[in-house]
2 protein chains.
Amino acid sequence: MTYSASALVIDDHPMVARGIANFLLSHCGFDQARPVSNVSEFWDALDTAAPPSLAVVDFWLPEGASLSLLVELKLRCPSTRLLVISADDNAAVLDKVGIAGADGFLHKQESPDVFGRAVAALLQGDSWFQSGTQFAGREFPNKELPVTALELGLTARQGQVLAMMLKGLPNKRIALNLSLSEQTVKEHVTGILERLGARNRIEVITKLRGRKLEGS
Amino acid sequence: MTYSASALVIDDHPMVARGIANFLLSHCGFDQARPVSNVSEFWDALDTAAPPSLAVVDFWLPEGASLSLLVELKLRCPSTRLLVISADDNAAVLDKVGIAGADGFLHKQESPDVFGRAVAALLQGDSWFQSGTQFAGREFPNKELPVTALELGLTARQGQVLAMMLKGLPNKRIALNLSLSEQTVKEHVTGILERLGARNRIEVITKLRGRKLEGS
DNA sequence: CCAGACACCCTACTCCGGTAGGGTTCCCTT
DNA sequence: AAGGGAACCCTACCGGAGTAGGGTGTCTGG
């Protein structure tokens, strides 16, 4: 279980990032754990080293950058496991995080023990969404909270296409609705899949579980 | 709009069925509308005549027969439009009805005017789910109410396959999980599609919108 | 005892979804 | 002026999904 594991930890409070990084080194068998405290530092770190096995991301980054960061990260380092931490126990947060491609979610005030188990689970390829219930779990009443296309790092057009994908429309129908060629729709779909880190439209649909997008 | 339209109306209270049938004849341009008040009568009527353009089905039939009746009907007469009526405004009802393949849903106490518009919408190929919001609408909080495979007229095996389909698993994976050949899975899938009146798995997923089945 | 339903397997085919790799236009920023 | 990104179009290809049409064995109810 203690392979060679590297981590990148981002939290806008440097001490927190540092603390987590140290914990990973001393208690989780990581041989590398770099703490950063802002987004550009984060990308720098990514560019100057091999993709880490784990990224720990604070949800409340300035300007709400975390969601797009998650998406972007999943895109650039598909193999990196994503653990999101937040001081906030809002179900909506957890929900959005799941959509954006995180592999796990934890409250900051969680005990080190739990933290360690979550990390272990992620490294093994499992998910960890607080209390072990996959974010599809029933205690999150799925309030149809709208997710904006922008939050997911999508273009406006991709957002329109995604909205129809979620209704279950096939490419041909979407093309008709938007007066496009089927091929163009396919390209938008490909873009969406890439962004959301899904392998096909079914994964997208099950991830977003019948949620609605901004512009209806 | 007033083609030759025929209807079959089932309600366990004969007077209600009769009243609706008359309304269809006098106000909706139907040239045939047969009221029946129990299930066997219903199937008899179906066997002895061409599939009607519209079926009006009371949700509260004895023994909760309406759900399986809907599924069965959709299977035997795919072209028949299905309007479900209920005295009950429980969101769960509306939800289940949508799953079972109904094209529209109405409260019994709805005004004749609305009733007429709903019927017209259905005959045009549209859906009608109370207040025009497609049953995907936001005012139904989607309580993850479990639907049993049996309620949908599925076999146990089909239920297992469906559960995995809803998680977004491809046939190959389902086959592995159940130790089956991919082909066998395909056949179960085909059976499910037939039953639920869907054209592909995506329609199934969007219809059931991430709900859970009985046996996990 | 036999019909029918169910579960299981097979080959062969079609169609749609998604990828790859070409191209044009518009617009925005450098 | 030049580059980049987004939107749009095309052909060609591959793999998964779903259908068609064959087959086997088991169990259950008339």
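Just so it is clear: chains get the letters A, B, ... in the order the sequence lines come, proteins before strands, and each one is counted from 1.
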TODO: Rounded to the nearest angstrom, tell me the gap between atom CD1 in A:Ile174 and atom P in D:dC8.
DONE: 13 Å

Open item on the list: In whole Å, I'd like the distance from the CZ atom of A:Arg195 to the P atom of D:dG5.
Closed with: 11 Å

Task: Partner residues of B:Thr190 under the side-chain hydrogen bond (donor to acceptor under 3.5 Å, both in side chains) criterion, sequence neighbours left out - done: none

Open item on the list: Holding to side-chain hydrogen bond (donor to acceptor under 3.5 Å, both in side chains), I want the full list of residues that pass it with A:Glu194, two or more places apart in sequence or in another chain.
Closed with: none

Task: Set of residues satisfying salt bridge (Lys or Arg N to Asp or Glu O under 4.0 Å) with respect to A:Arg201, sequence neighbours excluded - done: none

- [ ] Summarise how protein sits on nucleotides 12-30 of chain C as a single string, 5' to 3': B when a protein heavy atom is under 4.0 Å from the base, S for sugar-phosphate-only contact, - for no contact.
- [x] ----SBBBBB---------

Open item on the list: I'd like to check the salt bridge (Lys or Arg N to Asp or Glu O under 4.0 Å) partners of B:Arg117; sequence neighbours left out, ordered by chain and number.
Closed with: B:Asp113

Task: With B:Phe115 via ring-ring contact (aromatic ring centres under 6.0 Å, His included) - residues at least two apart - done: B:Phe23

TODO: Provide, to the nearest angstrom, the distance between the NE2 atom belonging to B:His188 and the P atom belonging to C:dC10.
DONE: 13 Å

Could you write out each protein N or O paired with an N or O of nucleotides 26-30 of chain D at a distance under 3.5 Å?
none

- [ ] Have a look at B:Ile85 and tell me which of B:Val9, B:Ile10, B:Ile20 forms a side chain to side chain contact (heavy atoms under 4.5 Å, CB included) with it.
- [x] B:Ile20

Task: Whole-Å gap separating P (C:dC8) and CD (B:Gln158) - done: 11 Å

TODO: Report the residues that fulfil side-chain hydrogen bond (donor to acceptor under 3.5 Å, both in side chains) with B:Ser53, sequence neighbours left out, ordered by chain and then residue number.
DONE: none

Task: the helix from C:dC1-D:dG30 to C:dT30-D:dA1: angle between end helix axes, five pairs per end, rounded to 10 degrees - done: 30°

Open item on the list: Taking salt bridge (Lys or Arg N to Asp or Glu O under 4.0 Å) as the definition, give me every residue that meets it alongside A:Arg199, ordered by chain and number, with sequence neighbours left out.
Closed with: A:Glu203

Open item on the list: For a quick test of reading the model: is some side-chain N or O of B:Thr155 closer than 4.0 Å to OP1 or OP2 of C:dA5?
Closed with: no

Open item on the list: Among residues at least two apart in sequence or on other chains, which ones pass side-chain hydrogen bond (donor to acceptor under 3.5 Å, both in side chains) with B:Asn38?
Closed with: B:Ser40, B:Glu41

TODO: Mind calculating the distance between CD (B:Gln160) and C1' (C:dC8) to the nearest angstrom?
DONE: 14 Å

TODO: Only counting residues at least two apart or in another chain, list the ones meeting salt bridge (Lys or Arg N to Asp or Glu O under 4.0 Å) with B:Arg18.
DONE: none

- [ ] Give a yes or no on whether the backbone of B:Thr155 and the side-chain of B:Gln158 come within a donor-acceptor separation of less than 3.5 Å.
- [x] yes

Task: N/O (side chain, B:Thr184) to phosphate O (OP1/OP2, C:dC9) under 4.0 Å - done: yes

Open item on the list: What is the distance, to the nearest angstrom, from the CD1 atom on B:Ile192 to the P atom on D:dA17?
Closed with: 13 Å

